[in-house]
2 protein chains.
Amino acid sequence: MSNLISIKSATLSEDIAQQLMNAIVQGEIPQGSKISEPELAKQYGISRGPLREAIVKLEGLGLVTRTANVGARVIQLNTQDMLDTFSTREALEGMATRLAAANMKADEINSLYALLDKHQAYLDDNQDERYLQQGGNDDFHLRIIHASGNAKLIRLLTEELYAIIRMYRRHTSDQRSDPRQALREHRAILDAIANHEGDLAELLMRRHISRASSLLQQAMEKMTLASS
Amino acid sequence: MSNLISIKSATLSEDIAQQLMNAIVQGEIPQGSKISEPELAKQYGISRGPLREAIVKLEGLGLVTRTANVGARVIQLNTQDMLDTFSTREALEGMATRLAAANMKADEINSLYALLDKHQAYLDDNQDERYLQQGGNDDFHLRIIHASGNAKLIRLLTEELYAIIRMYRRHTSDQRSDPRQALREHRAILDAIANHEGDLAELLMRRHISRASSLLQQAMEKMTLASS
DNA sequence: CATCACAAAATTGTCGACACATTCGATAAA
DNA sequence: TTTATCGAATGTGTCGACAATTTTGTGATG
């Protein structure tokens, strides 16, 4: 029962939107399933008003699809949509990396190098390898995104795309990506940023994301083959 | 009174969202102004329920900002936000152009050449020059975007970005861009697409958008100087 | 004259109820 | 058995009203 966690936001609608988003990304509400307003309202102990506003918001984030007089359904993950999402991410995050290369100051860059060193330590000691594959990987990307200083890019990437990307990762129960290879690519990207080589930094980031997309694609196609 | 136009959609909320969006983009609701729920509800003859859902949707589109217990305001256009928006557009539409170069069939390409020929004719006869500067220009871009075949890209560009871009154009009362220069650039982009040169097509589209951004920036800074 | 406190008004957030559309199930017909 | 039709049940869309918060306006005080 994840609905016991009350994050206490300013408005009920925001709370519910956040909780619904988590529930969908974590797979607690299975993909493709219908969103029943009376049921959820009773479950969360609220009325349908703020719940509907939350659903409208989730539709804007692309997590659910709505049809008039019928209702909302959680999106159905599939390979084509995943490829589309990663192409979009490649374009946006490539641009973010280019801007970061132009904007980042020395101390920010050093701080990022320190983060990568920490990742290296995790790999060498292979203590908690799960940290790297999940939060740690995203840390690097998120900090570059924010370093771009472009509010539109930040919003689209962190609010619109990353929720869905996390869904895909969780859905494929985290693929057999090579963390050491990823770390090497991160280092190369950061080196380009440190040298303020925007063109190169963008190119490397795009390749990095493109590779991750290919790996995910293979994992997904293996899954659909296994289940058919 | 634009609220007499009833577009008769399936649901009231969608209708209102569409009408509000038009009113904001057209400047009928001035930027930075407050969105009063009771006032708008009375004006459109509906209750606050669907109106609020429409406002939530507009917030997702980035046309209004909301603060809890205070209300919604139309976004305030400024140069920095415009530059951010165009950088984002450059990234997304560059990727769309690359994908279009890989996907477009001969008949689609010929149809686009025909469109450019029509634009050329408009310029030579300089009949209705306003067509080109407004709808005509977008036609070319929109058809390339759709030719990308990437649903995510299409949604982000046509739903999230183009509304704001139109706002900026209208706000600066359409700048002194050179339509002939733009047409030449469109031809070069289409040539690259026809040759299936994805790299080149993306590069040219990005330059094309970057130039438009610079022109808009100049126009906006001139306006802020004039009004200070 | 400026500033603060407090009450009144207006606005947002939330709720329950009703109208309408869709879906489901039973019955009848082919 | 299958399909079609119709009525009941469920669910979505919309409304009006109440609760809670913010804003406004008034007067007192320095």
Side-chain angles (χ1 to χ4, degrees), chain A residues 3-21 23-24 28-76, chain B residues 3-21 23-24 28-76:
Chain A
N3 53 346
L4 295 180
I5 313 167
S6 66
I7 310 167
K8 259 292 157 44
S9 174
T11 157
L12 258 184
S13 176
E14 295 177 27
D15 268 0
I16 301 301
Q18 192 64 44
Q19 295 198 34
L20 275 182
M21 182 177 141
I24 290 176
E28 299 168 17
I29 305 179
Q31 50 172 308
S33 69
K34 185 158 179 353
I35 304 262
S36 166
E37 294 182 7
E39 185 182 331
L40 275 187
K42 191 162 59 181
Q43 185 173 336
Y44 286 106
I46 61 170
S47 96
R48 283 179 48 223
L51 176 62
R52 283 177 61 89
E53 294 182 13
I55 293 177
V56 170
K57 185 169 180 178
L58 289 188
E59 184 189 22
L61 295 179
L63 289 179
V64 305
T65 59
R66 291 202 321 157
T67 29
N69 292 316
V70 172
R73 303 193 85 89
V74 178
I75 55 165
Q76 184 77 263
Chain B
N3 53 345
L4 296 180
I5 313 167
S6 65
I7 310 167
K8 260 293 155 48
S9 174
T11 156
L12 259 183
S13 175
E14 295 177 28
D15 268 359
I16 301 301
Q18 191 65 44
Q19 296 197 34
L20 275 182
M21 182 178 142
I24 290 176
E28 299 168 18
I29 305 180
Q31 49 173 309
S33 69
K34 184 157 181 353
I35 305 265
S36 164
E37 294 183 6
E39 184 182 331
L40 275 187
K42 191 162 60 180
Q43 186 173 335
Y44 286 107
I46 61 171
S47 96
R48 282 178 48 223
L51 176 62
R52 282 177 62 90
E53 294 182 13
I55 294 177
V56 170
K57 185 170 181 179
L58 290 189
E59 183 190 23
L61 294 179
L63 289 179
V64 306
T65 59
R66 290 202 321 156
T67 28
N69 293 315
V70 173
R73 303 194 85 89
V74 178
I75 56 165
Q76 184 76 263

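Two end axes, each from the C1' atoms of five base pairs, can be drawn for the helix from dC1(C)-dG30(D) to dA30(C)-dT1(D); they diverge by 20°, to 10 degrees.
Rounded to an integer number of Å, the gap from Arg73(B) CZ to dT23(D) P is 10 Å. Distance Lys34(A) NZ to dG11(D) C1': 7 Å, rounded to the nearest Å. Look at CD on Glu53(B): it is 7 Å from P on dG13(D), rounded to the nearest Å. Atom NZ of Lys42(B) and atom P of dT14(D) are 21 Å apart (whole Å). Atoms CD (Glu37(B)) and C1' (dT12(C)) sit 6 Å apart, rounded to a whole Å. One atom, OH of Tyr44(B), and another, P of dC15(D), lie 15 Å apart when rounded to the nearest Å. To the nearest angstrom, P of dT22(C) lies 20 Å from CD1 of Ile35(A).
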With the criterion being N/O to N/O and under 3.5 Å, what pairs connect the protein with nucleotides 16-21 of chain D, and how long is each?
none

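The two residues Ala41(B) and Leu51(B) make their nearest non-hydrogen contact at N-CD2, 3.7 Å. Closest heavy-atom contact between Ala72(B) and Arg66(B): CB-CG, 3.5 Å. Contact detail for Arg48(A) and Pro38(A): the closest heavy-atom pair is CD-N, 4.5 Å. Here the closest heavy-atom approach between residue Glu53(B) and residue Ser13(B) is recorded as CB-OG, 3.5 Å. Nearest heavy-atom pair, Pro50(A) versus Ser47(A), reported as atom, atom and distance to 0.1 Å: CD-OG, 3.5 Å. For the residue pair Val74(A) and Ile29(A), the shortest heavy atom distance occurs at CG2-CG2, 3.7 Å.
Here Thr11(B) does not reach the OP1 or OP2 of dT12(D): none of its side-chain N or O atoms lies under 4.0 Å away. When the side-chain nitrogen and oxygen atoms of Arg52(A) are compared with OP1 and OP2 of dG13(D), one or more of them lie within a distance under 4.0 Å. Of the side-chain N and O atoms in Ser13(B), none sit less than 4.0 angstrom from OP1 or OP2 of dG13(D).
Comparing atom distances between the Ala68(A) side chain and each of dG13(D), dC15(C), dG11(D) picks out dG13(D) as nearest.
Between the side chain of Arg73(A) and the backbone N or O of Gly32(A), at least one donor-acceptor pair lies under 3.5 Å.
Summary of the strand contacts: Gly71(B) and Pro50(A) both lie near DNA chain C, and taking for each the nucleotide with the nearest heavy atom, the more 5' one is attributed to Gly71(B).
Between atom CG of residue Leu58(B) and atom CD1 of residue Ile35(B) there is a gap of 7.0 Å, rounded to the nearest 0.5 Å. A distance of 12.0 Å separates CG of Leu63(A) from CD1 of Ile55(A), quoted to the nearest 0.5 Å.
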